[in-house]
Colleague: 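Mind having a look at this structure? Questions to follow.
Start at 1 with the first residue, then count along the sequence. Computed from heavy atoms alone, side chains included, the values below leave out hydrogens, waters and symmetry copies. The shown structure was predicted, so the numbers you read here are calculated from the model rather than taken from an experiment.
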Amino acid sequence: MTIAILAVQGAFAEHGAMLDRLGADHFEVRKAADLSRPFDGLILPGGESTVMSKLLRELGLFAPLKEKLDAGLPVFGTCAGLILLADRVEGGEPCFGGMDVTARRNAYGRQLGSFRTTAPFAGEPVPMVFIRAPYIVQAGPGAEVLAETGGHIVAARQGNRLATAFHPELTGDTRVHACFLEMAAAGSFPAQ
Ligand code: GLN
C-alpha cells in the first residue's frame, strides 16, 4: 500500500514518520507530476488551510486531486486537512469538500492556541494535540462522528474520508493512522 502525502505546506513530515512505523510506503506530493505515481490513499496535513488551498491551485494539484477524491480515493485530513475536506467552512472557504460537516476555523481562539488532551476515538482513548485547531460545529447525516471532546466534534468519517481536528502524527500513538490504512486497504481504490 502506498500513501501520498500532500507536502506543499505545513506538518507533512511527521505523517511520513507515522507511516514508516506502520510499515506503509509513502511519498510526498509537491507538484502535479508527482501524481503520476500510483497510490492508494492521500493525507492532507495540518498547516494553514487558506495557504494550502491557494498553493493547490497555483501548483495545478487541485483539479487532479479533486477528481481522484470525487472518484473515491481514500483520504485522511488532519487539522487544516479537515478544513479542506469540509463541505462548509465557518471563517473560510470550502476547498475539496466531500464531507458533510461544517468546520469552524481557529475554533478555540487565540487564548487556547495549542493544547493536548486524551479522549475516546472510535471508542478507545487516544492522545490528541490541537494547534490553532478547527472543530466540527455540525455533522450532517452523511458523516459519522468518531471523537468528541469538550462538547465539540473533533473527528469524523464519511465513507473513504477521515478527518481529525487534532494532530495524531504529533503523538506517539499510531492508532488513528492505522485506522486510515485499514480504510485505504478496504477501499479498493484502483491504483493507476
Ligand atoms: N488554523 C489553521 C487553519 O485554519 C489550522 C491549524 C493546523 O492545521 N494546525 O488552516
Colleague: Mind listing the closest non-hydrogen atom pair of P168 and T78 along with its distance?
Modeller: CD-CG2, 3.9 Å
Colleague: Using the salt bridge (Lys or Arg N to Asp or Glu O under 4.0 Å) criterion, which residues pair with D87? Sequence neighbours excluded.
Modeller: none
Colleague: In Å, rounded to the nearest 0.5 Å, how long is the span from NE2 of H177 to CG of D20?
Modeller: 11.0 Å
Colleague: Could you walk me through whether L65 and L35 pass the side chain to side chain contact (heavy atoms under 4.5 Å, CB included) check?
Modeller: CA-CA 8 Å; L65 283 177; L35 299 177; 3.8 Å; yes
Colleague: Assess, by modelled atom type and distance only, whether the side chains of H26 and H15 contain a donor and an acceptor separated by less than 3.5 Å.
Modeller: no
Colleague: Just to verify, which of F130, Y108, F166 counts as forming a side-chain contact (heavy atoms from CB on, under 4.5 Å) with Y135?
Modeller: Y108
Colleague: So how far is it from Q138 CD to R104 CZ, rounded to the nearest 0.5 Å?
Modeller: 11.5 Å
Colleague: Consider salt bridge (Lys or Arg N to Asp or Glu O under 4.0 Å). Of E182, E124, E169, which one does R175 pass it with?
Modeller: E124
Colleague: Are the side chains of I153 and L146 in contact, using a 4.5 Å heavy-atom criterion?
Modeller: no
Colleague: Can you tell if the side chain of L59 reaches within under 4.5 Å of the side chain of V8, non-hydrogen atoms only?
Modeller: yes
Colleague: Using every non-hydrogen atom in the two residues, find where T171 and P127 come nearest and quote the distance to one decimal.
Modeller: CG2-O, 3.7 Å
Colleague: Testing L85, L84, L82 one by one against M99 for a side-chain contact (heavy atoms from CB on, under 4.5 Å), which residue passes?
Modeller: L85
Colleague: Within the distance-only criterion (no hydrogens, no angle test), does the side chain of R161 pair as donor or acceptor with the backbone N or O of L69 below 3.5 angstrom?
Modeller: yes
Colleague: For the CG atom of L61 and the CG atom of L55, what is their distance to the nearest 0.5 Å?
Modeller: 9.0 Å
Colleague: If we only count heavy atoms from C-beta on, is the V154 to M128 side-chain gap below 4.5 Å?
Modeller: yes
Colleague: Would you call F39 and M1 a side-chain contact if the rule is heavy atoms closer than 4.5 Å?
Modeller: no
Colleague: Drop me the distance from K31's NZ to S36's OG, to the nearest 0.5 angstrom.
Modeller: 8.5 Å
Colleague: Would you say R105 and E48 make side-chain contact, with heavy atoms under 4.5 Å?
Modeller: yes
Colleague: Side chains of F76 and I3, heavy atoms from C-beta outward: is any pair under 4.5 Å?
Modeller: no
Colleague: Does E93, at its CD atom, have more than 12 non-hydrogen atoms belonging to other residues, nucleotides or ligands within less than 6.0 Å?
Modeller: no
Colleague: Could you report the tightest heavy-atom contact between A80 and M52, atom names first, then the distance?
Modeller: CB-CE, 3.7 Å
Colleague: Please list, chain by chain and in numerical order, all residues satisfying salt bridge (Lys or Arg N to Asp or Glu O under 4.0 Å) with D70, sequence neighbours excluded.
Modeller: K66
Colleague: Minimum heavy-atom separation for P74 to D40, with atom names?
Modeller: CD-O, 3.3 Å
Colleague: Checking side-chain contact (heavy atoms from CB on, under 4.5 Å) between I43 and each of L162, L19, V75, which is the one that passes?
Modeller: L19
Colleague: Can a donor-acceptor pair be found between the side chains of R37 and T2 at a distance below 3.5 Å?
Modeller: no
Colleague: If you round to the nearest 0.5 Å, how far is SG of C95 from CG of L56?
Modeller: 5.5 Å
Colleague: Show the nearest heavy-atom pair for residues N160 and G72, with the distance to one decimal.
Modeller: ND2-O, 2.6 Å
Colleague: Heavy atoms, side chains only, cut-off 4.5 Å: are R30 and F12 in contact?
Modeller: yes
Colleague: Compare every heavy atom of R21 with every heavy atom of T174, then report the nearest pair and how far apart it is.
Modeller: CG2-CZ, 3.6 Å
Colleague: Is there a chain of hydrophobic side chains (I, L, V, M, F, W, Y, each step under 4.5 Å between heavy atoms) that links F180 to V126?
Modeller: yes
Colleague: Quick check: does any side chain N or O of Q158 sit under 3.5 Å from a backbone N or O of D100, one acting as donor and the other as acceptor?
Modeller: yes
Colleague: Any heavy-atom pair between the side chains of I131 and C79 that's under 4.5 Å?
Modeller: no
Colleague: Tell me whether R88 contacts the main-chain N or O of E90 through its side chain, where contact means a donor paired with an acceptor under 3.5 Å.
Modeller: no
